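Computed from a predicted structure; not experimentally measured.
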Amino acid sequence: MKRIFIISILISFFITSCASSPKAEKTQLQIRSIQTRTYETSESKLVLKAMLNVLQDDGFIVKTAVPELGLLTATKEIDVERMSESMPAFFFGGANARWKKNSAIYVMA
């Protein structure tokens with residue numbers, strides 16, 4: 001009787017721990033409002049300099065900056081290699097195995 005009780009507790013714990021709640025999808029307007037910033041200044045060069053500083057602090061490499069147009073482009077390479085992808089790929093593919101190792105993020109403002 002005690003054994004059945006313990007097994008039923010373990011099964012109920014396993015079932016409840018695997019459950020997940022569905023997340024509500026955000027609309028395009030909500031995503032854009034999160035990504036948009038407004039500044040209380042009329043100087044576009046000041047805003048461009050602030051964006052430049054933030055991107056450089058985050059590790060981006062600035063490719064172009066045109067203050068007259070308010071154009072700023074930057075890139076950043078990140079490491080996305082996961083052991084869960086590389087080990088099976090190497091095991092099954094051998095020396096010719098391929099998996100995602102890095103990715104690039106492009107920013108244009």
Side-chain angles (χ1 to χ4, degrees):
M1 183 70 171
K2 187 176 182 181
R3 189 174 185 183
I4 294 172
F5 179 71
I6 292 173
I7 291 173
S8 64
I9 288 176
L10 289 175
I11 290 173
S12 65
F13 177 73
F14 179 73
I15 291 172
T16 58
S17 65
C18 292
S20 63
S21 60
K23 293 184 178 181
E25 293 290 325
K26 293 184 179 180
T27 64
Q28 185 67 28
L29 182 62
Q30 291 171 331
I31 293 170
R32 191 173 296 138
S33 69
I34 293 170
Q35 296 172 342
T36 304
R37 302 286 184 261
T38 57
Y39 294 93
E40 299 287 331
T41 183
S42 60
E43 294 184 40
S44 61
K45 290 183 181 183
L46 184 65
V47 175
L48 190 68
K49 180 151 177 61
M51 290 187 329
L52 180 81
N53 290 336
V54 168
L55 288 172
Q56 286 180 338
D57 289 344
D58 200 24
F60 282 85
I61 298 172
V62 177
K63 298 291 183 183
T64 58
V66 184
E68 293 81 20
L69 300 175
L71 178 67
L72 182 66
T73 60
T75 61
K76 178 181 179 181
E77 290 190 12
I78 57 172
D79 182 25
V80 294
E81 184 175 12
R82 293 187 200 129
M83 192 64 81
S84 63
E85 292 177 2
S86 61
M87 291 302 288
F90 183 74
F91 181 73
F92 291 112
N96 297 325
R98 297 185 183 271
W99 61 90
K100 195 170 186 179
K101 296 178 184 172
N102 59 11
S103 183
I105 300 173
Y106 299 99
V107 174
M108 184 185 305

(request) Taking all non-hydrogen atoms of both residues into account, name the closest pair between Gln30 and Thr27 and its distance. (result)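 The pair with the smallest heavy-atom distance is OE1-N, 3.0 Å.
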(message) A side-chain contact here means heavy atoms from C-beta on lying under 4.5 Å apart; do Ile78 and Ile105 qualify?
(response)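 Sidechains of Ile105 and Ile78: in contact.
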Identify each donor-acceptor pair in which a side-chain atom of residues 53-72 lies under 3.5 Å from a protein atom, sequence neighbours left out, and give them as a table.
from, atom 1, to, atom 2, distance (Å)
Asn53, ND2, Lys49, O, 3.3
Thr64, OG1, Thr73, OG1, 2.4

(request) For atom NZ of Lys76, decide whether the heavy atoms of other residues, nucleotides or ligands shown that lie under 6.0 angstrom number more than 12. (result)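 Count over threshold, so yes.
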